Amino acid sequence: MTIIVSCLERYKLDITAVQEVRWDGSGSLKTQEMTIFYSGGEKHERGVGFVIKNSILPNVVRFEPINDRICYVELKAEWFNILLINCYTPTEEKSEEIKNAFYEELDRIYDALPTGKPKIILGDFNAKIGKEETYRPTIGKDSLHSDTNDNGNKLITFATARNMRISSTMFPHKKIHKQTWISPCGKVRNQIDHIMVDYRIRSSINDVRSMRGSSAVSDHFLVRAKVKFRISVERSKIMKCTKKINKEILKTNHAKNYKEKIKEYLDGLDNNTDINHYWEKMGNAIKRSAEEVLGHEPRIKRKPWFNDQCKEAIADRDKARLRVVQDPTEENKRRLAIRQREAKRIIRMNKRIWEKEKVKEIEDNRKNNTRIFFEKANEVRRSFKPRHTMIRMEDGTLLTENDKIAKAFKNMFQTLLNQPRRDVVTEEYDTVEQNIERPSLEEVETGLDMLKNGKAPGANYIIPECFKNGGEQLIKQLHKLINKIWDQEEIPIAWQHLCIMSGVQKG
(Lines give C-alpha, C1' and ligand atoms only; values in the text may rest on other atoms or scores of the structure.)
Protein backbone atom coordinates (compact mmCIF):
# COMPACT_ATOMS: atom_id res chain seq x y z
CA MET A 1 0.00 0.00 0.00
CA THR A 2 2.88 2.37 0.79
CA ILE A 3 4.37 1.77 -2.68
CA ILE A 4 1.04 2.32 -4.46
CA VAL A 5 0.31 5.59 -2.65
CA SER A 6 3.79 6.93 -3.41
CA CYS A 7 3.32 6.01 -7.09
CA LEU A 8 0.02 7.90 -7.29
CA GLU A 9 1.64 10.94 -5.66
CA ARG A 10 4.48 10.80 -8.20
CA TYR A 11 2.01 11.04 -11.08
CA LYS A 12 -0.01 13.74 -9.25
CA LEU A 13 -3.29 11.81 -9.46
CA ASP A 14 -6.21 13.23 -7.50
CA ILE A 15 -8.72 10.39 -8.02
CA THR A 16 -7.76 6.85 -9.03
CA ALA A 17 -10.09 3.94 -9.85
CA VAL A 18 -8.52 0.60 -8.91
CA GLN A 19 -9.55 -2.96 -9.73
CA GLU A 20 -8.61 -6.35 -8.30
CA VAL A 21 -8.35 -4.91 -4.80
CA ARG A 22 -9.09 -8.39 -3.39
CA TRP A 23 -10.36 -7.15 -0.02
CA ASP A 24 -13.51 -8.66 1.42
CA GLY A 25 -16.42 -6.44 2.49
CA SER A 26 -16.55 -2.71 1.91
CA GLY A 27 -15.35 0.40 3.73
CA SER A 28 -12.68 3.08 3.70
CA LEU A 29 -9.06 3.36 4.77
CA LYS A 30 -7.38 6.73 5.37
CA THR A 31 -3.64 7.24 5.02
CA GLN A 32 -1.62 10.39 5.50
CA GLU A 33 -2.24 11.72 1.97
CA MET A 34 -4.94 9.48 0.46
CA THR A 35 -8.25 7.84 1.38
CA ILE A 36 -9.17 4.45 -0.11
CA PHE A 37 -12.82 3.47 -0.66
CA TYR A 38 -13.19 -0.22 -1.51
CA SER A 39 -15.98 -2.62 -2.45
CA GLY A 40 -15.42 -6.37 -2.33
CA GLY A 41 -17.28 -9.64 -1.95
CA GLU A 42 -17.27 -12.44 0.58
CA LYS A 43 -13.97 -13.84 -0.69
CA HIS A 44 -10.63 -12.20 -1.42
CA GLU A 45 -11.36 -12.07 -5.15
CA ARG A 46 -11.85 -9.24 -7.64
CA GLY A 47 -12.85 -6.04 -5.80
CA VAL A 48 -12.98 -2.42 -6.96
CA GLY A 49 -12.43 0.94 -5.29
CA PHE A 50 -11.30 4.55 -5.45
CA VAL A 51 -8.16 6.21 -4.09
CA ILE A 52 -8.96 9.89 -3.46
CA LYS A 53 -6.60 12.63 -2.37
CA ASN A 54 -7.46 14.03 1.06
CA SER A 55 -7.61 17.60 -0.27
CA ILE A 56 -10.57 16.56 -2.47
CA LEU A 57 -12.20 14.43 0.22
CA PRO A 58 -14.62 17.19 1.40
CA ASN A 59 -16.21 17.09 -2.07
CA VAL A 60 -17.16 13.41 -1.74
CA VAL A 61 -20.94 13.36 -1.28
CA ARG A 62 -21.32 9.58 -1.05
CA PHE A 63 -19.68 6.28 -1.89
CA GLU A 64 -21.84 3.30 -2.85
CA PRO A 65 -20.30 -0.19 -2.92
CA ILE A 66 -22.48 -2.40 -5.15
CA ASN A 67 -20.52 -5.64 -5.39
CA ASP A 68 -17.01 -6.88 -6.14
CA ARG A 69 -17.24 -5.60 -9.74
CA ILE A 70 -19.05 -2.24 -9.50
CA CYS A 71 -18.97 0.78 -7.17
CA TYR A 72 -19.49 4.49 -7.64
CA VAL A 73 -18.69 7.77 -5.92
CA GLU A 74 -20.46 11.13 -6.16
CA LEU A 75 -18.40 14.32 -6.21
CA LYS A 76 -19.63 17.85 -5.60
CA ALA A 77 -18.62 20.32 -8.35
CA GLU A 78 -19.36 24.01 -8.78
CA TRP A 79 -22.40 23.72 -11.06
CA PHE A 80 -23.42 20.06 -10.68
CA ASN A 81 -22.46 16.80 -9.02
CA ILE A 82 -20.41 14.21 -10.93
CA LEU A 83 -20.83 10.44 -10.67
CA LEU A 84 -17.77 8.21 -11.19
CA ILE A 85 -18.61 4.54 -11.77
CA ASN A 86 -15.79 2.02 -11.41
CA CYS A 87 -16.21 -1.30 -13.25
CA TYR A 88 -14.34 -4.59 -13.53
CA THR A 89 -15.84 -6.54 -16.44
CA PRO A 90 -15.52 -10.34 -16.82
CA THR A 91 -12.77 -11.43 -19.21
CA GLU A 92 -13.39 -12.38 -22.84
CA GLU A 93 -13.31 -16.15 -22.22
CA LYS A 94 -16.09 -16.03 -19.61
CA SER A 95 -19.51 -17.38 -20.55
CA GLU A 96 -22.19 -15.19 -22.12
CA GLU A 97 -24.37 -15.58 -19.04
CA ILE A 98 -21.73 -14.04 -16.75
CA LYS A 99 -21.02 -11.16 -19.13
CA ASN A 100 -24.70 -10.45 -19.76
CA ALA A 101 -25.40 -10.52 -16.01
CA PHE A 102 -22.69 -7.89 -15.47
CA TYR A 103 -24.08 -5.50 -18.10
CA GLU A 104 -27.62 -6.02 -16.82
CA GLU A 105 -26.44 -4.99 -13.36
CA LEU A 106 -24.62 -1.99 -14.83
CA ASP A 107 -27.82 -1.02 -16.72
CA ARG A 108 -29.85 -1.24 -13.54
CA ILE A 109 -27.42 0.94 -11.57
CA TYR A 110 -27.17 3.51 -14.38
CA ASP A 111 -30.97 3.79 -14.66
CA ALA A 112 -31.31 4.23 -10.90
CA LEU A 113 -28.94 7.21 -10.83
CA PRO A 114 -30.25 10.78 -11.40
CA THR A 115 -30.24 11.84 -15.05
CA GLY A 116 -29.26 15.43 -14.20
CA LYS A 117 -25.85 14.38 -12.89
CA PRO A 118 -23.18 13.69 -15.56
CA LYS A 119 -21.46 10.33 -15.34
CA ILE A 120 -17.99 8.97 -16.06
CA ILE A 121 -17.60 5.20 -16.29
CA LEU A 122 -14.06 3.87 -16.09
CA GLY A 123 -12.21 0.69 -15.28
CA ASP A 124 -10.98 -2.63 -16.63
CA PHE A 125 -13.55 -3.63 -19.29
CA ASN A 126 -11.40 -6.37 -20.91
CA ALA A 127 -12.67 -4.93 -24.21
CA LYS A 128 -10.77 -4.38 -27.44
CA ILE A 129 -12.13 -1.40 -29.38
CA GLY A 130 -11.51 -1.44 -33.13
CA LYS A 131 -11.57 1.23 -35.82
CA GLU A 132 -14.87 0.36 -37.55
CA GLU A 133 -16.48 3.23 -39.44
CA THR A 134 -19.89 2.35 -38.02
CA TYR A 135 -18.77 3.02 -34.43
CA ARG A 136 -16.69 6.11 -35.27
CA PRO A 137 -19.02 8.68 -33.55
CA THR A 138 -18.77 6.71 -30.28
CA ILE A 139 -15.18 5.47 -30.30
CA GLY A 140 -13.24 7.92 -32.47
CA LYS A 141 -10.42 6.78 -34.75
CA ASP A 142 -7.38 6.46 -32.48
CA SER A 143 -7.81 2.98 -31.04
CA LEU A 144 -4.89 0.58 -30.75
CA HIS A 145 -6.74 -2.32 -32.39
CA SER A 146 -8.33 -2.71 -35.80
CA ASP A 147 -11.12 -5.12 -34.85
CA THR A 148 -13.55 -5.14 -31.94
CA ASN A 149 -13.97 -8.28 -29.82
CA ASP A 150 -17.15 -9.48 -28.08
CA ASN A 151 -16.55 -7.45 -24.89
CA GLY A 152 -15.83 -4.43 -27.07
CA ASN A 153 -19.15 -4.82 -28.89
CA LYS A 154 -21.02 -4.99 -25.59
CA LEU A 155 -19.20 -1.87 -24.35
CA ILE A 156 -19.92 0.08 -27.54
CA THR A 157 -23.57 -0.99 -27.43
CA PHE A 158 -23.87 0.23 -23.85
CA ALA A 159 -22.16 3.55 -24.64
CA THR A 160 -24.30 4.16 -27.73
CA ALA A 161 -27.54 3.41 -25.89
CA ARG A 162 -26.57 5.83 -23.11
CA ASN A 163 -25.30 8.59 -25.42
CA MET A 164 -21.76 8.26 -24.06
CA ARG A 165 -18.36 8.54 -25.70
CA ILE A 166 -15.36 6.25 -25.18
CA SER A 167 -12.68 8.88 -24.58
CA SER A 168 -9.75 6.46 -24.25
CA THR A 169 -9.80 5.81 -28.03
CA MET A 170 -10.19 9.42 -29.16
CA PHE A 171 -6.73 10.90 -28.52
CA PRO A 172 -3.76 10.41 -30.89
CA HIS A 173 -0.76 8.90 -29.11
CA LYS A 174 2.06 6.52 -29.84
CA LYS A 175 1.09 2.85 -29.66
CA ILE A 176 3.11 2.35 -26.50
CA HIS A 177 0.98 5.02 -24.80
CA LYS A 178 -2.27 3.34 -25.87
CA GLN A 179 -1.38 -0.09 -24.48
CA THR A 180 -2.96 -0.81 -21.10
CA TRP A 181 -2.24 -4.55 -20.67
CA ILE A 182 0.78 -6.75 -21.34
CA SER A 183 0.82 -10.54 -21.41
CA PRO A 184 3.18 -12.54 -19.15
CA CYS A 185 5.35 -13.36 -22.17
CA GLY A 186 5.60 -9.67 -23.02
CA LYS A 187 4.66 -10.14 -26.67
CA VAL A 188 0.91 -9.45 -26.57
CA ARG A 189 -0.20 -5.91 -25.68
CA ASN A 190 -3.80 -4.75 -25.69
CA GLN A 191 -5.89 -1.69 -24.92
CA ILE A 192 -8.63 -3.05 -22.64
CA ASP A 193 -8.95 -0.32 -19.93
CA HIS A 194 -11.28 2.48 -20.99
CA ILE A 195 -13.02 5.67 -19.89
CA MET A 196 -16.57 6.61 -20.98
CA VAL A 197 -18.17 10.02 -20.44
CA ASP A 198 -21.56 11.58 -21.05
CA TYR A 199 -21.83 13.37 -24.39
CA ARG A 200 -22.60 16.72 -22.72
CA ILE A 201 -19.28 16.75 -20.81
CA ARG A 202 -17.11 15.13 -23.51
CA SER A 203 -15.06 18.32 -23.86
CA SER A 204 -14.04 18.11 -20.20
CA ILE A 205 -11.69 15.18 -21.00
CA ASN A 206 -8.47 16.77 -22.21
CA ASP A 207 -6.29 13.67 -22.61
CA VAL A 208 -6.14 9.91 -21.93
CA ARG A 209 -2.94 7.85 -22.10
CA SER A 210 -1.17 5.02 -20.28
CA MET A 211 1.79 5.56 -17.95
CA ARG A 212 4.23 2.66 -18.13
CA GLY A 213 6.56 3.60 -15.29
CA SER A 214 4.29 2.86 -12.32
CA SER A 215 5.88 0.97 -9.44
CA ALA A 216 3.06 -1.55 -8.94
CA VAL A 217 4.01 -4.99 -10.30
CA SER A 218 0.95 -5.65 -12.47
CA ASP A 219 0.12 -6.79 -15.99
CA HIS A 220 -1.85 -3.53 -16.42
CA PHE A 221 -0.41 -0.07 -17.02
CA LEU A 222 -1.67 2.99 -15.20
CA VAL A 223 -4.15 4.94 -17.38
CA ARG A 224 -4.16 8.67 -16.70
CA ALA A 225 -6.97 10.99 -17.83
CA LYS A 226 -6.83 14.76 -17.56
CA VAL A 227 -10.31 15.97 -16.64
CA LYS A 228 -11.20 19.64 -16.30
CA PHE A 229 -13.86 20.33 -13.67
CA ARG A 230 -14.31 23.08 -11.13
CA ILE A 231 -14.29 21.63 -7.64
CA SER A 232 -13.18 23.25 -4.42
CA VAL A 233 -9.93 21.90 -3.01
CA GLU A 234 -9.27 22.13 0.72
CA ARG A 235 -5.95 23.68 1.58
CA SER A 236 -3.68 21.42 3.52
CA LYS A 237 -3.80 22.34 7.17
CA ILE A 238 -0.68 22.32 9.31
CA MET A 239 -1.62 19.82 11.98
CA LYS A 240 0.13 20.24 15.31
CA CYS A 241 1.38 16.86 16.41
CA THR A 242 0.68 16.10 20.07
CA LYS A 243 3.86 14.84 21.69
CA LYS A 244 3.71 12.48 24.64
CA ILE A 245 5.71 13.07 27.80
CA ASN A 246 8.40 10.46 28.31
CA LYS A 247 7.17 9.06 31.62
CA GLU A 248 9.86 6.35 31.69
CA ILE A 249 12.37 9.03 32.79
CA LEU A 250 10.49 9.27 36.11
CA LYS A 251 11.78 5.80 36.98
CA THR A 252 15.37 7.08 36.94
CA ASN A 253 17.30 9.60 39.01
CA HIS A 254 15.79 12.45 36.93
CA ALA A 255 12.62 12.22 39.04
CA LYS A 256 14.37 14.32 41.69
CA ASN A 257 15.22 17.00 39.13
CA TYR A 258 11.56 17.04 38.05
CA LYS A 259 10.41 17.72 41.63
CA GLU A 260 12.93 20.52 42.03
CA LYS A 261 11.88 22.13 38.75
CA ILE A 262 8.19 22.07 39.78
CA LYS A 263 9.07 23.57 43.17
CA GLU A 264 10.97 26.34 41.40
CA TYR A 265 7.97 27.26 39.19
CA LEU A 266 5.38 26.98 42.00
CA ASP A 267 7.22 29.07 44.61
CA GLY A 268 6.07 32.35 43.11
CA LEU A 269 2.40 31.33 42.83
CA ASP A 270 0.07 33.97 44.31
CA ASN A 271 -2.65 32.49 46.56
CA ASN A 272 -4.92 35.53 46.17
CA THR A 273 -5.62 34.98 42.47
CA ASP A 274 -8.93 33.55 41.23
CA ILE A 275 -9.44 29.85 40.69
CA ASN A 276 -9.04 29.86 36.89
CA HIS A 277 -5.79 31.82 36.97
CA TYR A 278 -4.51 29.68 39.84
CA TRP A 279 -5.09 26.42 37.96
CA GLU A 280 -3.66 27.87 34.73
CA LYS A 281 -0.41 28.79 36.46
CA MET A 282 -0.20 25.40 38.14
CA GLY A 283 -0.89 23.48 34.91
CA ASN A 284 1.72 25.50 33.00
CA ALA A 285 4.26 24.81 35.74
CA ILE A 286 3.66 21.05 35.50
CA LYS A 287 3.85 20.99 31.69
CA ARG A 288 6.96 23.18 31.50
CA SER A 289 8.75 21.07 34.12
CA ALA A 290 7.82 17.84 32.32
CA GLU A 291 8.96 19.12 28.93
CA GLU A 292 12.27 20.51 30.22
CA VAL A 293 13.26 17.58 32.44
CA LEU A 294 11.46 14.51 31.03
CA GLY A 295 11.23 15.43 27.35
CA HIS A 296 8.98 13.69 24.84
CA GLU A 297 8.70 10.12 23.66
CA PRO A 298 10.29 9.41 20.26
CA ARG A 299 7.82 9.00 17.40
CA ILE A 300 7.15 5.39 16.49
CA LYS A 301 7.19 4.43 12.83
CA ARG A 302 4.20 2.38 11.69
CA LYS A 303 6.40 0.08 9.60
CA PRO A 304 9.93 0.32 11.04
CA TRP A 305 10.99 -2.80 9.14
CA PHE A 306 10.44 -1.01 5.79
CA ASN A 307 13.89 0.58 5.73
CA ASP A 308 16.24 1.93 3.04
CA GLN A 309 17.30 -1.60 2.08
CA CYS A 310 13.70 -2.47 1.19
CA LYS A 311 13.27 0.76 -0.80
CA GLU A 312 16.47 0.09 -2.74
CA ALA A 313 15.34 -3.46 -3.58
CA ILE A 314 11.98 -2.17 -4.85
CA ALA A 315 13.72 0.51 -6.96
CA ASP A 316 15.93 -2.17 -8.58
CA ARG A 317 12.83 -4.29 -9.28
CA ASP A 318 11.07 -1.34 -10.95
CA LYS A 319 14.08 -0.68 -13.19
CA ALA A 320 14.13 -4.34 -14.24
CA ARG A 321 10.38 -4.23 -14.98
CA LEU A 322 10.79 -1.12 -17.14
CA ARG A 323 13.51 -2.88 -19.17
CA VAL A 324 11.12 -5.79 -19.79
CA VAL A 325 8.40 -3.41 -20.95
CA GLN A 326 10.79 -1.73 -23.38
CA ASP A 327 12.56 -4.90 -24.53
CA PRO A 328 10.83 -8.20 -23.54
CA THR A 329 13.81 -10.50 -24.13
CA GLU A 330 14.33 -13.72 -22.16
CA GLU A 331 17.40 -12.24 -20.46
CA ASN A 332 15.46 -9.19 -19.24
CA LYS A 333 12.60 -11.41 -18.02
CA ARG A 334 15.09 -13.58 -16.13
CA ARG A 335 16.60 -10.50 -14.48
CA LEU A 336 13.13 -9.23 -13.52
CA ALA A 337 12.28 -12.58 -11.92
CA ILE A 338 15.52 -12.45 -9.94
CA ARG A 339 14.83 -8.86 -8.79
CA GLN A 340 11.29 -9.77 -7.76
CA ARG A 341 12.48 -12.73 -5.69
CA GLU A 342 15.25 -10.61 -4.18
CA ALA A 343 12.83 -7.81 -3.24
CA LYS A 344 10.44 -10.29 -1.60
CA ARG A 345 13.30 -11.97 0.26
CA ILE A 346 14.68 -8.67 1.62
CA ILE A 347 11.25 -7.42 2.72
CA ARG A 348 10.40 -10.77 4.35
CA MET A 349 13.80 -10.94 6.07
CA ASN A 350 13.53 -7.42 7.53
CA LYS A 351 10.01 -8.07 8.73
CA ARG A 352 11.04 -11.32 10.45
CA ILE A 353 13.97 -9.60 12.16
CA TRP A 354 11.57 -6.92 13.45
CA GLU A 355 9.13 -9.59 14.67
CA LYS A 356 11.92 -11.43 16.53
CA GLU A 357 12.95 -8.20 18.25
CA LYS A 358 9.33 -7.61 19.23
CA VAL A 359 8.99 -11.12 20.66
CA LYS A 360 12.17 -10.64 22.71
CA GLU A 361 10.86 -7.29 24.00
CA ILE A 362 7.56 -8.93 24.95
CA GLU A 363 9.35 -11.72 26.80
CA ASP A 364 11.56 -9.26 28.70
CA ASN A 365 8.49 -7.36 29.98
CA ARG A 366 6.43 -10.44 30.84
CA LYS A 367 7.24 -10.26 34.56
CA ASN A 368 8.53 -6.73 35.06
CA ASN A 369 5.99 -4.58 33.19
CA THR A 370 2.66 -6.21 32.35
CA ARG A 371 1.27 -3.08 30.69
CA ILE A 372 4.06 -2.97 28.07
CA PHE A 373 3.80 -6.77 27.76
CA PHE A 374 0.14 -6.70 26.68
CA GLU A 375 0.63 -3.55 24.59
CA LYS A 376 3.46 -5.06 22.52
CA ALA A 377 1.72 -8.43 22.31
CA ASN A 378 -1.36 -6.79 20.80
CA GLU A 379 0.79 -5.00 18.21
CA VAL A 380 2.13 -8.32 16.93
CA ARG A 381 -1.09 -10.35 17.31
CA ARG A 382 -3.60 -7.78 16.13
CA SER A 383 -4.65 -8.01 12.48
CA PHE A 384 -5.46 -5.10 10.18
CA LYS A 385 -8.45 -3.01 11.27
CA PRO A 386 -9.55 -0.10 9.07
CA ARG A 387 -10.16 3.17 10.89
CA HIS A 388 -13.54 4.84 10.57
CA THR A 389 -12.78 8.47 9.69
CA MET A 390 -16.16 9.46 8.21
CA ILE A 391 -19.84 9.05 8.97
CA ARG A 392 -22.93 8.62 6.82
CA MET A 393 -25.93 10.87 7.42
CA GLU A 394 -29.57 9.82 7.25
CA ASP A 395 -29.92 11.05 3.66
CA GLY A 396 -26.93 8.92 2.58
CA THR A 397 -24.35 11.73 2.26
CA LEU A 398 -20.85 11.26 3.62
CA LEU A 399 -19.22 13.62 6.11
CA THR A 400 -15.43 13.60 5.80
CA GLU A 401 -14.39 16.86 7.49
CA ASN A 402 -13.67 16.72 11.21
CA ASP A 403 -15.58 19.96 11.96
CA LYS A 404 -18.74 18.73 10.27
CA ILE A 405 -18.47 15.34 11.97
CA ALA A 406 -18.14 17.07 15.37
CA LYS A 407 -21.24 19.18 14.66
CA ALA A 408 -23.19 16.08 13.65
CA PHE A 409 -22.30 14.38 16.95
CA LYS A 410 -23.23 17.57 18.81
CA ASN A 411 -26.67 17.67 17.19
CA MET A 412 -27.17 13.98 17.87
CA PHE A 413 -26.39 14.34 21.57
CA GLN A 414 -28.58 17.44 21.84
CA THR A 415 -31.49 15.54 20.35
CA LEU A 416 -30.81 12.43 22.39
CA LEU A 417 -30.19 14.01 25.80
CA ASN A 418 -32.38 17.13 25.70
CA GLN A 419 -35.71 15.35 25.70
CA PRO A 420 -38.81 17.15 27.06
CA ARG A 421 -39.18 16.57 30.77
CA ARG A 422 -42.24 14.83 32.07
CA ASP A 423 -44.24 16.38 34.88
CA VAL A 424 -43.15 14.45 37.92
CA VAL A 425 -44.50 15.25 41.35
CA THR A 426 -41.72 15.37 43.92
CA GLU A 427 -42.03 15.73 47.65
CA GLU A 428 -39.64 18.03 49.48
CA TYR A 429 -38.32 17.21 52.91
CA ASP A 430 -36.58 19.54 55.34
CA THR A 431 -33.24 18.08 56.31
CA VAL A 432 -30.40 19.28 58.45
CA GLU A 433 -27.38 20.34 56.42
CA GLN A 434 -24.38 18.17 57.21
CA ASN A 435 -21.23 19.79 58.46
CA ILE A 436 -18.49 18.32 56.27
CA GLU A 437 -14.95 19.48 56.90
CA ARG A 438 -12.65 20.76 54.17
CA PRO A 439 -10.41 18.15 52.46
CA SER A 440 -7.18 17.63 54.36
CA LEU A 441 -3.66 17.47 52.96
CA GLU A 442 -3.55 13.73 53.66
CA GLU A 443 -6.72 13.16 51.63
CA VAL A 444 -5.26 15.00 48.65
CA GLU A 445 -2.09 12.94 48.88
CA THR A 446 -4.12 9.71 49.10
CA GLY A 447 -6.17 10.74 46.07
CA LEU A 448 -3.05 11.30 44.00
CA ASP A 449 -1.65 7.90 45.00
CA MET A 450 -4.89 6.27 43.82
CA LEU A 451 -4.45 7.57 40.27
CA LYS A 452 -3.67 4.75 37.83
CA ASN A 453 -0.55 4.91 35.70
CA GLY A 454 -0.65 4.68 31.94
CA LYS A 455 -3.96 6.50 31.50
CA ALA A 456 -4.57 8.97 28.67
CA PRO A 457 -4.18 12.67 29.56
CA GLY A 458 -6.99 15.22 29.43
CA ALA A 459 -7.31 18.36 27.34
CA ASN A 460 -4.24 19.86 29.07
CA TYR A 461 -2.04 16.84 28.08
CA ILE A 462 -0.89 16.27 31.69
CA ILE A 463 -0.49 12.56 32.44
CA PRO A 464 -1.20 11.11 35.94
CA GLU A 465 2.49 10.31 36.49
CA CYS A 466 3.30 14.04 36.43
CA PHE A 467 0.93 14.62 39.37
CA LYS A 468 2.05 11.59 41.36
CA ASN A 469 5.77 12.44 41.10
CA GLY A 470 5.41 16.21 41.58
CA GLY A 471 6.66 16.21 45.16
CA GLU A 472 5.51 17.91 48.35
CA GLN A 473 5.23 21.42 46.89
CA LEU A 474 2.78 20.29 44.19
CA ILE A 475 0.61 18.48 46.76
CA LYS A 476 0.41 21.61 48.90
CA GLN A 477 -0.59 23.80 45.97
CA LEU A 478 -3.23 21.27 44.89
CA HIS A 479 -4.56 21.24 48.46
CA LYS A 480 -4.89 25.04 48.42
CA LEU A 481 -6.68 24.93 45.06
CA ILE A 482 -9.13 22.27 46.26
CA ASN A 483 -9.88 24.30 49.40
CA LYS A 484 -10.57 27.37 47.23
CA ILE A 485 -12.97 25.28 45.16
CA TRP A 486 -14.58 23.98 48.37
CA ASP A 487 -15.12 27.44 49.82
CA GLN A 488 -16.29 29.18 46.64
CA GLU A 489 -18.33 26.16 45.41
CA GLU A 490 -17.17 26.46 41.79
CA ILE A 491 -14.57 24.68 39.67
CA PRO A 492 -12.15 26.07 37.06
CA ILE A 493 -13.53 26.48 33.55
CA ALA A 494 -10.81 24.19 32.18
CA TRP A 495 -12.21 21.32 34.26
CA GLN A 496 -15.58 21.68 32.56
CA HIS A 497 -14.27 20.78 29.10
CA LEU A 498 -15.34 17.33 27.92
CA CYS A 499 -14.04 15.37 24.95
CA ILE A 500 -16.40 12.73 23.52
CA MET A 501 -14.68 10.05 21.44
CA SER A 502 -16.68 7.96 18.97
CA GLY A 503 -16.04 4.25 19.32
CA VAL A 504 -17.38 1.80 16.73
CA GLN A 505 -18.69 -1.43 18.27
CA LYS A 506 -19.23 -4.75 16.55
CA GLY A 507 -22.74 -5.83 15.63
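All values below were derived from every heavy atom in this structure, side-chain atoms included, with hydrogens, water molecules and symmetry-related copies excluded. Only a predicted model underlies this, so the values are computations on that prediction, with no experimental measurement involved.
Atom CZ of Arg69 and atom CG of Asp124 lie 9.5 Å apart (nearest 0.5 Å). Atom CD of Gln179 and atom CZ of Arg209 lie 11.5 Å apart (nearest 0.5 Å). Taking OG1 from Thr160 and CG from Asn163, the interatomic distance works out to 9.0 Å, rounded to the nearest 0.5 Å. Separating the CD1 atom in Ile346 from the NZ atom in Lys351 is a distance of 16.0 Å, to the nearest 0.5 Å. Taking NE2 of His173 as the reference point, atom NZ of Lys175 lies at 15.0 Å (rounded to 0.5 Å).
The closest side-chain heavy-atom distance from Ile129 to Gln191 is not below 4.5 Å. A 4.5 Å side-chain heavy-atom check between Ile15 and Leu75 finds at least one atom pair inside the cut-off. For the pair Leu122 and His194, the minimum side-chain heavy-atom distance is 4.5 Å or more. Counting heavy atoms from C-beta on, the side chains of Lys76 and Ile82 never come closer than 4.5 Å. Counting heavy atoms from C-beta outward, Ile166 and Ile195 have side chains that stay 4.5 Å or more apart. You'll find the side chain of Arg165 reaches within 4.5 Å of the side chain of Met170, heavy atoms only. Side-chain contact between Leu144 and Asn190: absent, with no pair of heavy atoms (C-beta onward) separated by less than 4.5 Å. You'll find the side chain of Trp495 reaches within 4.5 Å of the side chain of Trp279, heavy atoms only.
The backbone N or O of Val188 sits less than 3.5 Å from a side-chain atom of Ser183, completing a donor-acceptor pair.
The residues Lys358 and Glu355 are annotated as not salt-bridged, no charged nitrogen and carboxylate oxygen being separated by less than 4.0 angstrom. Of the charged side-chain nitrogens involved, none lies within less than 4.0 Å of a carboxylate oxygen, so that Lys43 and Glu45 do not count as a salt-bridged pair. Between Lys99 and Asp150, at least one side-chain N (NZ, or NE/NH1/NH2) sits under 4.0 Å from a carboxylate O, which counts as a salt bridge. For the pair Arg162 and Asp107, the salt-bridge criterion is met [side-chain N within less than 4.0 Å of a carboxylate O]. Salt bridge Arg46/Glu20: absent, no basic N to carboxylate O contact under 4.0 Å. Taking a cutoff of 4.0 Å between a charged side-chain nitrogen and a carboxylate oxygen, Lys226 and Asp207 do not qualify as a salt bridge.
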### Task
Check the pair Glu133 / Arg136 against salt bridge (charged side-chain N to carboxylate O under 4.0 Å, His left out), numbers first and verdict last.
CA-CA 5 Å; Glu133 290 287 341; Arg136 190 65 62 84; 3.1 Å; yes

### Task
Could you go through the side-chain contact (heavy atoms from CB on, under 4.5 Å) check for Arg212 and Ile176 one step at a time?
CA-CA 8 Å; Arg212 306 194 304 162; Ile176 59 173; 4.0 Å; yes

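Surrounding CD of Glu93 are more than 12 heavy atoms belonging to other residues, nucleotides or ligands, all under 6.0 Å away. In the displayed structure, Glu312 atom CD is contacted under 6.0 Å by at most 12 heavy atoms of other residues, nucleotides or ligands. Atom NZ of Lys94 has 12 or fewer heavy atoms from other residues, nucleotides or ligands within 6.0 Å.
Ring orientation note: the planes of Tyr103 and Phe158 are tilted relative to one another, at an angle of 30° to 60°.
Side-chain rings of Phe50 and Phe37 stay apart, their centers remaining 6.0 Å or farther from each other.
For the pair Lys119 and Tyr110, the cation-pi test (distance below 6.0 Å, angle within 45°) is passed.
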